[in-house]
Structures are given as C-alpha cells and as structure tokens.
Amino acid sequence: MAEAADFQGMSPSPARRWLKRTGALLAGAPLLAGLLQLPAVPSAYAAEKASPADASVSRTVDVSLDSLSPSVPTDGDTVTVSGTVTNNGKQTITGAHVGLRVNSPLSDRTAITDAAERTGYQPGVDGAEIGGKYVEKFPQLAAGVSQHFNLSVPVKELDLGSDGVYQLGVSLSGQTAAQPWDQVLGIQRTFLPWQPDGADPKTKTTYLWPLISTVHQTAETGSNEQQTPVFRNDDLAKEISPGGRLDQLLSLGKDLDVTWVIDPDLLASVDAMAGSYSIQNGNGSKTAGKNQAVAKQWLAELEKTVEDKEIVALPFADPDLASLAHDGKNVTGSLSHLKDATDVASSTVETVLHVKPSTDFAWPADGAIDPSIVKVATSAGADKVIARSNSLKETGGLSYTPSAARPVGGGTTAVVADAPLSTAFQGDMTKADTSTLAVQQFLAQSLMINLQEPDKQRSIVVAPQRMPSASQAQTMAQALTALQEGNWAQSQDLSAAAKAKPDPGATTRIPSASAYPSSLRKQELPQSAFEKVEAIQSKLDNFKVILSAPPRVVTPFGRAIDRGISASWRGRATEAEAFREEVESYLDVLTEQVKLIEKSDANLSGRSATIPVTVQNNLLQGVDHLVLRLKSSNPTRLKIGDGPYDEKPIAVAGGHSQSVKFTTSANANGPVTVIAQLYTEDGQAYGPEVTFDVKVTEVTPTVMLVIAGGVLLLVLAGFRMYTQRKRAATRRTAEEQDAGPGDEGLNEDAEGTVDTENTEGSTDGPRDGSGTEPGADDPEHPSDPTPDTAPESADPSGTGERVDR
C-alpha cells in the first residue's frame, strides 16, 4: 500500500524515507566496521602495497645504528645497540620511545638481502617490540632535532631460538598533533647471527687482503749512477704514512688470518722511495722527496707481517686482463707484456720482502670473466683465475652455495669468490651506521652459507674491491675479527681453497662474451692504448741495441710500459693516455741524444775528396753497434766510396762526438744531394736522416787539354828565350874579343852589373844575402796549383765549406 502511494514525480512519504535510511545504515554497518578496523591491524600484504603517503608515516624519523655489540652474541651476552634518531618531519613528536624488535629466523640468503633493502615499518614482518624497561623514552622530539640512544638487552630477553640469522629492528614510536595515536615513525633493520654452539663442520673461508695502489713512478730516472727514480707526485707517501690507506691496510691486516694479494709495482715503488727520489712539479721542475723514513718503516713492518703468511703476487703493475683480452690481443706484441710482468713479479717480491710468492693466480677486474679473458689470463703461466659468483652464475638449481674451486677446462681452475660477501664493504664506510650494517649483513650471509648445508663442509673465498679505502679496510677488519671469533667459520689460504674438492653440482661453464657487464667494458683501455704501448716498445727495442749499458734504460722503461696498461687506470682514461704520452716523449728525448750533426752545402772541385760527417752522443753512456751510411742521390755524378753509398761502423763514448770521413769521386759537374743516416746493426734506421748538397766542379778532359796546351806554349817560349840569350851572349863575346884593350874599362863595369833578364830563373845562390832558400818567399806563379778544399776539421760544416780531398 505504501509503495503504491509513491507516484512518479511526487516526494516519498516521511515513513518511507525513515525506512530507507534505516535500511541503508544497517546494510553499511558491517562495511563501516571493517573500514574502522583495517588501519588498526593491517596485513603484511596491505603494508607492502601501501600508498607512498602511508609509507612515509614510518619514515618520518631516521634511525641510525652507530654500533651493535657484540656482533655475534652467545648465551649470557647482553646486546647493546646505540645510535641516533632524527625527526625529519615538520611536527614535534611526543611520547616517543626507541625499542628493539626481533622476528623469527630468516629462511635463506635472499631473505637477508630483501630485509636489508626493505624500507618503512611493516607490522607482522618486523616483529613485536621488546618493551618494558628495554626502551629509551623521549618526552618530545622537535622537528629537525636528533637524539642519541643506547639500548642494552640481555640475549635471553630476545627470545632467540634455534641457530639462525635473526632480523633485528630498531624503531622509534610516538605521535604527532596531526596523528595523535601511538605509531612507528621510523625503523632501521640489521641482523643478529645466532650460533651459540660451534658448527660442525665449519665453513672454510678465505679472505683476500689486497695491497694494490695506482701508478706512481715515471719512466724517468736521474743521470747519476744510482739512477734516482722520479715520481709523478708524492701521493704514495700519504698512503703509507700513519693513518693513510695502505698504512691502515697493513696495520689492520697483520692481526687477521688472510691471504695477502700484492702488486709488485707497489713494493718496487716504496722500495725506490726508501732511497733518494724526486717528485715532478707542474712546471716541469723536480723536487727532492723527503719520505724515506716512512717508506723504510712501512716496508719493514710489511716484511715482518707476511713472514709466515701466504702471498699471491699479481703480474707487475696489475695489468688489465679484460682490456688485454677485448682490445689488446689484436695488437701484435701486447700479450708479451703480460708474460714480462708475470716473470718480474716473483723476483720483485723476493727482493723486497724476502719471501717467495705464488704467481699461479690471475685476477680480472671485479672477477668478471668470459672465454677470452680466461685465455689471456692463463697465457702467462697462471692456471687459476679468481672469478666472482655474479659472473660465473649457478645454473644447476643448487639450494646451497658451492665451494669456490671449479675446473673450467684446459687445466684451469676458476676460484669463484662469493659476490654478496665480496661486495659487502663497497660504498661510503665513513658513516658509523653504514659500517655497522655492512658488518652485520656480512656475518649474517656467512652464517647462512653454513646453515644451508650444515653437514656439508665447503670452501668459500671472499675477494673484496682491489683498493679499499681506509674506512672500508677498518670495516672489513671489524667483520673479519668477528667472523674469526665466531663458531661457524675457519680460515684457509687461497691455495688450499683452489685445491679443495670441487662440488659436482656447481657450474663450470664460462659465461659468453655477451654476458660481460657493459659497465665494466666501458672502463676498459681502448685498442689505441695498446697501440701506443707497442710503439713505445718498438722505439725501446731500437734504442737499447746501441747502448753500452742497456739495463739503465730498458728496466725503467719496461716497468713504465707495464704501468701503462694497469687495471688501476679504469675510469681514468684521460690520465692514462697522458701517462703513456709522457713515457713516449721521454724516450724520444733520450734517443735524440744520439744524432747526426746538421751539415751545410759543400763544394767539390776535383776528381776526389773526403766528406766528414759528425755523430754526437749526449748520453752519459757510450753507444755502439751503429752504422753510419752516406748515400749519393746521383751516383753517376758523385760516387761515395765505390758506389752509390758507403757505410762505416760507429762507436761514440758518452758525452762525446766523432767525425767520420767518406771518400768521394766525381764524374760530372753539378749539384748532388747527399744523405747521411744512422742504422742499427740489424738494419733499422736510427734517428732522422741528414741531407745536404755537394756542388761538383770537376776538371773535365777538355779543360785538361787547354791547360796542357798552355804549359806547352810556356815551355816553347822558355826554350826560345834561352836560345836568344845564348845567341846574344855569343855575340857579345865575339865583340869583346874584337874590341881590344881600349874597351877594358867598359867591360869591367859590365862585370859588376846584374842581368835582370836572368834573375827570374837564377838558382846560383841567395838573392838578398839573407841565407833564405831559393824561392822560399817567391810569390806564387799564376800556374801553380791551389788546394781544392779547406783543412781537415772535425767540427760541423760551416756555410760554404769545401770538402776535404
């Protein structure tokens, strides 16, 4: 009846409106109740899917863990956590307190990684708070304000059960004016490894402790007998000084059971610094180094530390194996540098530290490998390659972490370092919070490896970053100290880990070249770097054969070439290129100290003459095994020796010059270009050639006939004069006989006079009574021959000089 009363276009009756509203309220009551209850007890799934606005509520406060002690608790211990809470919101937090939350043990290694990456509070996932007296309260926490906290909780209150890795949350709860109810406003998660009783068997763990640095020495050495080394800068002194990076690695490592991995170049550089050394300045000058005492102290401490430890020596200067494999193998001769660097590694370590290292291991950058890298890495004699598990990934579906040693074919063993453990201490470890979290996560991962297969003993290797910073080294040492004091791991040398029985289920397939990380490939040395290195090597090979003391040059340049392809240049392409250019430039300077002196053009006026060429040696050592070749560009016109060229061996003492004379013969007039060039005994040109022109003005047969005719005319004229004089003398004698006594006075006068006609040819005695030999000071006759060339000289030719005959 009521429904019939509601007609279209008319408002419903009051009774009907009341009934409809009541029905709607009753129908919506369950839904409203559900909505009111939903925020109070959210599910873990709802928390994961919370909106950014909801998630930000639990991140209003930043919780920082500065320390956790002990890192590995046992029965009867008290866990102490200290840190700082900072209100990053815009409202004051009231009724705040910091507490600890412990959840059930994590299931596997992936769960550890996920928990470390999770942000924001998640009810049910982060566990219940251990309240009561084990909280620290703050009446209020103003916006932008930080407060330090310190919590101590007995292990028995943490309710730790079976062995395992427990997530430990440190949270701050409170309320704000906008949300006036108690809630979690910030949380930080870490881990508690719980193994109160000793594991049996324990996981054998090898930790590599690297002593590697960047390139410090140049190819240049002093000209003194000691060959004072020259350093690019004094940064190495800072690294080995107290508090420096290498000083920290040494002082921390000496108390740890680790395998030392050393670049012999570092030892050679510190050893060189222990004596006299120089430092390059930006303006090209040099400054005497003053850190000899620091170098001696560091070396003495290192020698003492590694006396009974295993040492793995990398090839000298730690060559970039991946770059060699990808970009260097196409350049002829590049792989020979790896062999040289490997050969010198052992002798360097033995000389400096007086211990014999292992040179059986190759270590590509970040442990990333592919078939070409493995092939190159083992080409110099190493039969073990240190890889990383994120490169040689497991494909067999193993539920546990296998042992490190893997046979990969060809007699090569891949020693696969665990990636999560090896990368645990990368990043900024100067912050106490970051360092504490890294230590606890490292220990948690290590324990979880043991718990995966507690009855199966495995050998695990940890290969950290090549050049840890001082703060990273401190964090590493803290974690290793806790690990070696724990109950589930025991230390092992790298050689023993490599010999351990391989796990039959572990992968042994080397990843393809396409799987090599592009981020690492971008850091590699380009092919042009290896081409430059080979150009330097070629110049060095050409230079060393002429030296009387080759090691003074070969050794510093050989080591500089090794440094030119060091893995330490990754990410520093411009600086690496500048270093290689500097090495080549200095080698050019040395080779140019042995050269030919420039000659000016010369005149040759005769059939034959000698041409002097001067070789100058400004080196401090002598040069030998050189050949000087003088070549005529037109042997038809001018011959050198008996043909187009002549050669003479050269040996010049240090700081001296030597002139070499070549015999020439002319056949025709005109200019001829002559080329002088030094060669090594094996026929390689040495240095630039020297060219000069010789102008030939040879006396031809026609000219000789003219001269001969002139001489003949002179002889005939002389004979005529002689005949005429003889006839005149006969005539005078006859006249005197006919004159009689009346002519005596005239004849007497005649006897006292000189016949000027005869003085020119007189040879009867001195002309002026001076006792001088006849003709000694007579002027030259126009027909007398004159010298064709200037006196012989060893000096460089002057302008317009005449060639020695």
Side-chain angles (χ1 to χ4, degrees), residues 59 62-68 71 81-84 86 88 109-120 165 167-170 186-191 193 205 207-214 239 243-249 252-253 256 258 261 363-368 386 388-391 417-449 460-483 517-520 522-523 567-568 570-572:
R59 295 199 292 270
D62 177 69
V63 181
S64 174
L65 271 63
D66 296 338
S67 68
L68 190 157
S71 296
V81 180
S82 64
T84 305
T86 303
N88 293 325
R109 300 186 69 183
T110 301
I112 296 175
T113 303
D114 292 343
E117 295 175 350
R118 191 179 301 125
T119 58
V165 175
Q167 177 185 292
L168 176 67
V170 183
I187 188 170
Q188 180 62 274
R189 300 176 183 83
T190 187
F191 307 97
T205 305
Y207 202 99
L208 307 186
W209 200 254
L211 284 183
I212 302 172
S213 187
T214 55
E239 288 195 275
R245 186 183 72 87
L246 291 171
D247 176 71
Q248 288 286 297
L249 279 166
L252 294 168
L256 301 171
V258 295
V261 181
W363 189 14
D366 286 5
I386 302 172
R388 194 181 279 177
S389 61
N390 55 358
S391 178
D418 185 78
L421 296 180
S422 299
T423 59
F425 307 110
Q426 294 179 354
D428 183 8
M429 294 293 154
T430 58
K431 298 179 180 179
D433 175 68
T434 308
S435 177
T436 299
L437 295 178
V439 169
Q440 295 305 124
Q441 187 170 350
F442 175 86
L443 295 171
Q445 291 280 4
S446 176
L447 175 57
M448 189 63 77
I449 290 174
I460 304 300
V461 172
V462 183
Q465 57 272 32
R466 263 175 156 73
M467 289 185 280
S469 66
S471 60
Q472 290 170 344
Q474 292 166 0
T475 306
M476 287 161 51
Q478 183 181 347
L480 275 178
T481 299
L483 178 65
S518 59
S519 58
L520 291 179
K522 291 177 182 177
Q523 298 178 351
S568 67
R570 282 182 167 252
R572 300 187 298 149

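Sequential numbering from 1 along the given sequence is applied to the chain's residues.
- Residues P468 and R245 form a side-chain contact, since some pair of their non-hydrogen atoms from C-beta on lies under 4.5 Å apart.
- Ring geometry for F442 against F425 counts as tilted: the plane angle lies between 30° and 60°, on a 0 to 90° scale.
- With rounding to the nearest 0.5 angstrom, the CD atom of Q441 is 9.5 Å from the CG atom of L421.
- Annotation: the span from T119 atom OG1 to Q188 atom CD amounts to 10.5 Å, rounded to 0.5 Å.
- Here the CD1-CG distance, from I187 to D62, works out to 12.5 Å after rounding to the nearest 0.5 Å.
- Residue Y207 holds its OH atom at 9.5 Å from CG of L256, rounded to the nearest 0.5 Å.
- Side-chain polar atoms of T84 and S64 form no donor-acceptor pair below 3.5 angstrom.
- Note that CD of Q474 is 10.0 Å distant from OG1 of T430, once rounded to the nearest 0.5 Å.
- One finds the CD atom of Q472 at 12.5 Å from the CD atom of Q248 (value rounded to the nearest 0.5 Å).
- Residue I112 is tested with Q167, Q440, Q445 for a side chain to side chain contact (heavy atoms under 4.5 Å, CB included); the sole match is Q445.
- Note on D366 versus R570: no salt bridge recorded, every NZ/NE/NH1/NH2 to OD/OE distance being 4.0 Å or above.
- Residues T436 and D66 fail the side-chain proximity criterion, which asks for heavy atoms closer than 4.5 Å.
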Given side chain to side chain contact (heavy atoms under 4.5 Å, CB included), test T205 with I449 step by step and report yes or no. CA-CA 11 Å; T205 305; I449 290 174; over 6 Å; no
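- Counting only heavy atoms from C-beta outward, the side chains of M429 and M476 never approach each other to under 4.5 Å.
- Contact detail for S389 and P420: the closest heavy-atom pair is OG-CD, 4.3 Å.
- Considering all non-hydrogen atoms of both residues, A473 and L249 come closest at CB-CD2, 3.6 Å.
- Of all heavy-atom pairs between W363 and G367, the closest is NE1-N, 4.4 Å.
- With hydrogens and angles ignored, the 3.5 Å screen pairs a side-chain donor or acceptor of T475 with a backbone N or O of S471.
- Taking every heavy atom of both residues into account, L443 and A482 meet most closely at CD1-CB, 3.8 Å.
- When all heavy atoms of D433 and L65 are compared, the closest pair comes out as OD1-N, 2.7 Å.
- Contact annotation: the side chain of L68 approaches that of L168 to within less than 4.5 Å [non-hydrogen atoms, C-beta and beyond].
- Across all non-hydrogen atoms, the minimal contact from S422 to Q465 is O-OE1, 4.0 Å.
- Residues E239 and S213 bring a donor and an acceptor atom of their side chains to less than 3.5 Å of each other.
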Stepwise, does the side chain to side chain contact (heavy atoms under 4.5 Å, CB included) test hold for L208 with I386? CA-CA 11 Å; L208 307 186; I386 302 172; 4.0 Å; yes
